[in-house]
Each structure stands twice: as structure tokens, then as C-alpha cells.
Amino acid sequence: MPFDIDMIRAFYQALPEKVNQAKSQLGRPLTLAEKILYTHLHAESPLQNYQRGKDYVFFAPDRVAMQDATAQMALLQFMTAGRDNVAVPTTVHCDHLIQAEIGAEQDLKNALNTNSEVFEFLSSISNKYGIGFWKPGAGIIHQIVLENYAFPGGMMIGTDSHTPNAGGLGMVAIGVGGADAVDVMAGMPWELKMPKLIGVKLTGKMSGWTSSKDVILKVAGILTVKGGTGAIVEYFGEGAKSLSCTGKGTICNMGAEIGATTSTFGYDEAMSRYLRATERAEVADLADGVAEHLTGDPECYANPEDYFDQVIEIDLSTLEPHINGPYTPDLAWPISKFAEAVKENGYPQKLEVGLIGSCTNSSYEDLDRAASLARQAVGKKLKVKSEFTVTPGSEQIRYTVDRDGQLQSFEDMGGIVLANACGPCIGQWARHTDDPDRANSIITSFNRNFSKRNDGNPQTRAFVASPEIVTAMAIAGDLTFNPLTDALVNEEGEEVRLEPPQGVELPAKGFDVKDPGFQPPAENGREVEVKVAPDSNRIQLLTPFEPITSEQLKGMRLLIKAKGKCTTDHISMAGPWLKFRGHLDNIANNTFIGAVNYFND
């Protein structure tokens, strides 16, 4: 039975009336984003026409998800709320504290030893307060949510920037700070400025080397890292319907890189197929019954300029594969111009590492298409020139692609399979290099590529592309290689070409897994003890601050005014600092250390 099915049944039963009430109140058709927002108003925000980009509104999300780094402080705060259980369905996912170094099995063992007290704390506190707990190795939060919890038309918040991944299943899913998550878990309303709306109309259909990743890489080039700020990006059109559910998830995931509040797609056949393939046929049946309310009204899509604050149109039939970077995910290069850019900008031409997977691109379809290139490399006697790693998004994905042979294809090519965790994407990477300060180039299918993001080296030029382009570039070992047009010389001195990747959307034999890694909470958590060592430098129980008066606030100095880019990476860096996320004193010591302070100029 699907998780939280009673909540989902009740949601769909009430949805038609709520949507119709909102349309009546606003007196016009609604986009999908508006339908979700207005049907999730909290009682403290009565139904009325809220002004986009101006009015602050209270919402009532359906669920909360947290990853192991950010969950620590959020749950420490929740302990002080005086509740026996969380107010909405909530999960914790252990994916950020596993460092990639040797390979999946050994890296997971090392993480369990290094972070045992954190995992024990998260397991025990989840058990106590009715929270679903996904163990280390179970997978990355966003892939687990898509496979198990996301449902069309719902609203969720998550304590990670890439929570919008669930937009691939038609949700409004928003990344927030831990304090926001605590509010919702404690039964309080959640506040958000009513977002503006950006519509992206997709026409045509992709083919050949082009993939869903190229859609968001193109959009990032158009909107830049700031262009989506304060807005929900809603994709629509026949081109949108041609994309797989996980492909939609890839696009929504990386919407965080344009600053968007979130991104989403309307419910369609691809989402229905994915729900059924992941053993949620009942959810698909319920969604099918109210499908008209799970997408934007036809008038909105027929005349988008009348209903969206900004409209972008992309023809998938002519969209080229893109490679974005370095140092920023919005520096977009179509592959036909990338070799020239490498030479003109002096990027190191030798490609040292190619990395595929992560929460952005680790679906069955992604890995199947990349594996088709790995098989070609072996069959055409091509010696892979770059180090190559594969990060499955979940144990279900890993088990299934192991069963179906994709992992073996990567290993035959010389690839290393890493743990089902974030790993190199967030700086949890003990990189194999003879000089950690050398200027070098890597390419990933991840989402972010800011300076030092992956390996801590400011001289690493990190580029972002689809898994199939990353795989092809790793085979060539050369950033100027264009797999659409160029040949390679194999071990026998022959010129050979890589054919366009082939892959299927969903496994023909269905998904399978022996142990997904889920721990349900105790039925009665009152007797469960939360495990925190009194001398821990990683977990620190919170005590309430002494009340302060307004008089004490007078004359306070502004210590930092951030200059230029200031993302969550700059505010609280990942990598080695992740180990202090549950200790208020220690984490305070690294806050804003990645930001540039105007006062120091």
C-alpha cells in the first residue's frame, strides 16, 4: 500500500470543490501552480486574490522531508515544541554524510563508523516522533521522495535546495530552512510570499543525444541564477507531455539553480505510468479521476501571456545538448559551440573525471541511456580516458540496474559505482588526485558547479551536462570532443563513432529491491529515548534562549552584507563542515565563511 494513502485519498476527494472555489473567487482560469497554492491555503489566510510578489500568505503543506545534515538541527528544535508526534507526514533521509572515496560498500561502512552517533540520534528521534527514517545507503532524499511520497497536486516542503525535484510528479515542492520545517511539523502555518509565475512552453519532441537535462540547462542560460527568484516555473505544452516523469524531475530539480521557488509540470500519462511502476496504482487511479484539476486550465496554456508574468518557449525538436559552466550553472554552451569555448577561455582540455548520477540524474532512464554508451565503448574497443563514477539515486534504482546489467556495463568500461548518496555532488568526495590544487576539468550530471563545490579545489573547472554527454566525454577524455560529430580512435587505431544513446523510460521487468532501507516509526514513541551523548561535539541539545528586550537590540552592528553570489553553499558550506550541523555552537563557526563581505572590500 502506498505511504500516507488515507491522506492522499482525502486530498483528492476535496480537491475539485477547492479548485472550483478558488476559480470562482478569482474569477478566471488558473494555472497549475495557482491551483496547488490556493488549495493549500492555511486557515489563517482566507481565500482571496493574493498579489503575486507582494502578499505574504500562510500555507498548509501536506508533508515534510529532511536530509540527514539539515534534519539534525530541525529535529533538535522540534524536541522543544512539546508534541508527541509530527503534525504532518514527515521523513528523514540519510544521504549527505557518506563520503565517496573507494566504492559503495567500503564507503558506506566508513560512513557508518564515522557518523554513527548522528545516525543513531536521527533514528531514535524519528522513532519517537512518528517520522519515517531512511537509513544510510537507502538513497538520496529527492529520488526516495519521487519513488515513494510525491503525488500530483500536493504541496511539500523539504530541508534541501533541490526539494523541487518532486515537481516531476506534479507537486509544488519547495526547499526551506529547518525552522520552516519545524513550524509545519509542529502544526503551525508556513509563510511564503505569493510567487510570481514563469511559464515555459515546450513544443516538439527530443531525439538523438538531447535529453531532459538539456531543457533546464537551456533555461538556466536564459534566466541566469537570479531569473527565477520569487517565482514558480510551470512547464506546459505538447513537448512537456513527451517527457518521462523522471525527466520532468530532472528539470524541476535544477530549477533551484535559477533561484526559482519551485518548478512543476501538469499531471499526464508519463506520471501515471511512473506511479504504477512504483507500486502506487491507487494514487494513479485517484489522480486520473481528478486529472483536469491537476494541470493548468486550457485557457492559461492557450494564451500564456495573459496568465504568466513571463513566458519562454523552447522547441525540443531543435534543442541541442548543452554543457554549462564552469563555476556557475547558468553559463550555457550548446555542444556545437563548446569546443570553441574551451579553447578561447583556456579551460583545461584534458577531462580528468566524469561523474554521473546524483539526485538530479539517477533514474532508470538516465542510467540506461548512459549504459548504452558504455556498452558501445567496450564493443568498439575504446579505452576510457577519464576516471568515471556512477552514483545511483536509491537502493531500488541500484538493485534494478544491477539486475538488468547496466552497472556491469559501467564496470566493464572501467567505472566505479559509488554509494546511494550525494557524495561528490555536495563535496563529500575524497578525490583521487596527485595535486589537489592543480587547474583541471571535470564534468558531472549533477546540478551545481560553484567553485570548490565538488572537491574543495578552486582550480577545478566543473561542467554540468546530461549523463549521456558526461559518459561520452569521459570516454573521449577531451573537452573539445563533440559526440554528435566527432570520431574517436580505438585501441586498434581505427576511427569509430558513438551512436546516439538508447534507453527505456521504465524497466521492462519492473523495479525490484530486497531491502529499501526504510525504518517505520514506533507505534507509541513515548518510551523511546533520544540518543545524544552528553560530551558530543556533533549533537547538542538545545535550551531556550533567555528572553531579550527591545532595549538590548538597540545599537546592534551589522556584521556582514553579502556581495555577489550568496547561495546556501556560501551561507553554510557542505563538505567537511557537514559534521557539525547538529551542534549550534560549532556550526555557527562556519556560517557565511564562503560569502564575500562588502565591509571587507
Side-chain angles (χ1 to χ4, degrees), residues 146 165 167-170 199-223 233-255 257-258 263-274 277 295 301 311-324 329 332-338 356-357 360-373 376 406 443 445 447 463-473 482-485 497-507:
L146 198 71
N165 190 83
L169 257 175
V200 180
K201 182 179 181 179
L202 301 180
T203 62
K205 189 174 183 179
M206 297 183 303
S207 62
W209 287 88
T210 305
S211 74
S212 295
K213 184 63 165 269
D214 299 305
V215 176
I216 186 57
L217 295 177
K218 174 74 172 179
V219 170
I222 294 170
L223 289 177
V233 181
E234 183 171 328
Y235 293 83
F236 63 94
E238 289 304 310
K241 295 178 182 178
S242 72
L243 305 177
S244 67
C245 176
T246 52
K248 294 176 172 70
T250 292
I251 293 169
C252 294
N253 177 300
M254 203 174 157
E257 273 53 69
I258 58 173
S263 305
T264 194
F265 284 79
Y267 181 66
D268 60 14
E269 283 297 320
M271 294 185 193
S272 179
R273 288 194 300 272
Y274 186 75
T295 188
Y301 296 156
V311 178
I312 297 168
E313 185 168 340
I314 297 174
D315 182 0
L316 301 182
S317 301
T318 60
L319 179 64
E320 279 190 67
H322 275 60
I323 298 177
N324 287 22
W333 308 99
I335 193 141
S336 60
K337 297 181 179 179
F338 186 62
I356 68 169
T360 323
N361 280 104
S362 59
S363 68
Y364 189 91
E365 180 181 36
D366 288 329
L367 297 183
D368 198 31
R369 282 171 62 86
S372 74
L373 296 172
Q376 285 189 53
Q406 288 92 340
I443 189 167
S445 69
N447 39 45
F463 299 89
V464 178
S466 67
E468 41 270 70
I469 292 294
V470 171
T471 304
M473 300 297 272
N482 181 348
L484 283 68
T485 58
R497 294 276 301 273
L498 293 173
E499 300 299 322
Q502 301 290 326
V504 298
E505 176 183 338
L506 297 165

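- In the model, Asn447 has no side-chain atom that pairs as donor or acceptor with a side-chain atom of Glu257 under 3.5 Å.
- With Asn165 as reference, Leu146 is the one residue of Thr246, Thr250, Leu146 to meet the side chain to side chain contact (heavy atoms under 4.5 Å, CB included) rule.
- Distance CH2/Trp209 to CG/Leu484: 6.5 Å, rounded to 0.5 Å.
- Between Asp366 and Lys213 no salt bridge is recorded (no basic side-chain N to carboxylate O distance below 4.0 Å).
- The aromatic rings of Tyr301 and Phe236 lie parallel to each other, their planes meeting at an angle below 30°, with 60° marking the opposite boundary.
- In the displayed structure, Gln502 atom CD is contacted under 6.0 Å by at most 12 heavy atoms of other residues, nucleotides or ligands.
- We find the CG-NZ distance between Leu319 and Lys205 to be 15.0 Å, quoted to the nearest 0.5 Å.
- Heavy-atom minimum distance, Ile335 versus Pro483: CD1-CD, 3.8 Å.
- Separating the CG atom in Leu498 from the CG atom in Leu373 is a distance of 6.0 Å, to the nearest 0.5 Å.
- Taking every heavy atom of both residues into account, Ser212 and Leu243 meet most closely at OG-CD2, 3.7 Å.
- In this model, no donor atom of one side chain and acceptor atom of the other lie less than 3.5 Å apart for Tyr274 and Glu269.
- Of all heavy-atom pairs spanning Met254 and Pro329, the tightest one is CE-CB, 4.0 Å.
- In this structure, the side chain of Thr210 does not engage the main chain of Met206 through any donor-acceptor pair within 3.5 Å.
- Looking only at side-chain heavy atoms (C-beta outward), Ile216 and Cys252 stay at 4.5 Å or farther from each other.
- Taken from NZ in Lys201 to CG in Asp315, the straight-line distance is 11.0 Å, to the nearest 0.5 Å.
- Residues Thr203 and Glu238 have side chains that never bring a donor and an acceptor to within less than 3.5 angstrom of each other.
- Without hydrogens or angle criteria, Asp214 side chain to His322 main chain gives a donor-acceptor distance under 3.5 Å.
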Derivation of the side chain to side chain contact (heavy atoms under 4.5 Å, CB included) call for Tyr364 and Gln406: CA-CA 9 Å; Tyr364 189 91; Gln406 288 92 340; 3.0 Å; yes

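- A 4.5 Å side-chain heavy-atom check between Ser263 and Glu234 finds every atom pair outside the cut-off.
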Verdict with reasoning, Ile312 to Ile222, per side chain to side chain contact (heavy atoms under 4.5 Å, CB included): CA-CA 9 Å; Ile312 297 168; Ile222 294 170; 3.9 Å; yes

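- When every heavy atom of Val470 is checked against every heavy atom of Ile443, the shortest pair comes out as CG1-O, 3.7 Å.
- Residues Phe463 and Ile469 have side chains not in contact (no heavy-atom distance under 4.5 Å, counting atoms from C-beta outward).
- A pairwise comparison of heavy atoms in Lys248 and Ala270 identifies NZ-CB, 3.8 Å as the closest pair.
- A distance of 8.5 Å separates OG of Ser445 from CG of Leu367, quoted to the nearest 0.5 Å.
- Under 4.0 Å is where a charged nitrogen must lie from a carboxylate oxygen, and between Arg273 and Glu505 at least one such pair does.
- Contact check for Tyr235 versus Val215: side-chain heavy atoms found under the 4.5 Å cut-off.
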Criterion side chain to side chain contact (heavy atoms under 4.5 Å, CB included) on Val233 and Val200, from CA distance to verdict: CA-CA 7 Å; Val233 181; Val200 180; 3.6 Å; yes

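- Residues Cys245 and Leu169 share a closest heavy-atom pair of SG-CG, 3.7 Å.
- Residue Thr264 holds its OG1 atom at 11.5 Å from CD1 of Ile251, rounded to the nearest 0.5 Å.
- Using a 4.5 Å heavy-atom threshold, the side chains of Ile314 and Val219 count as touching.
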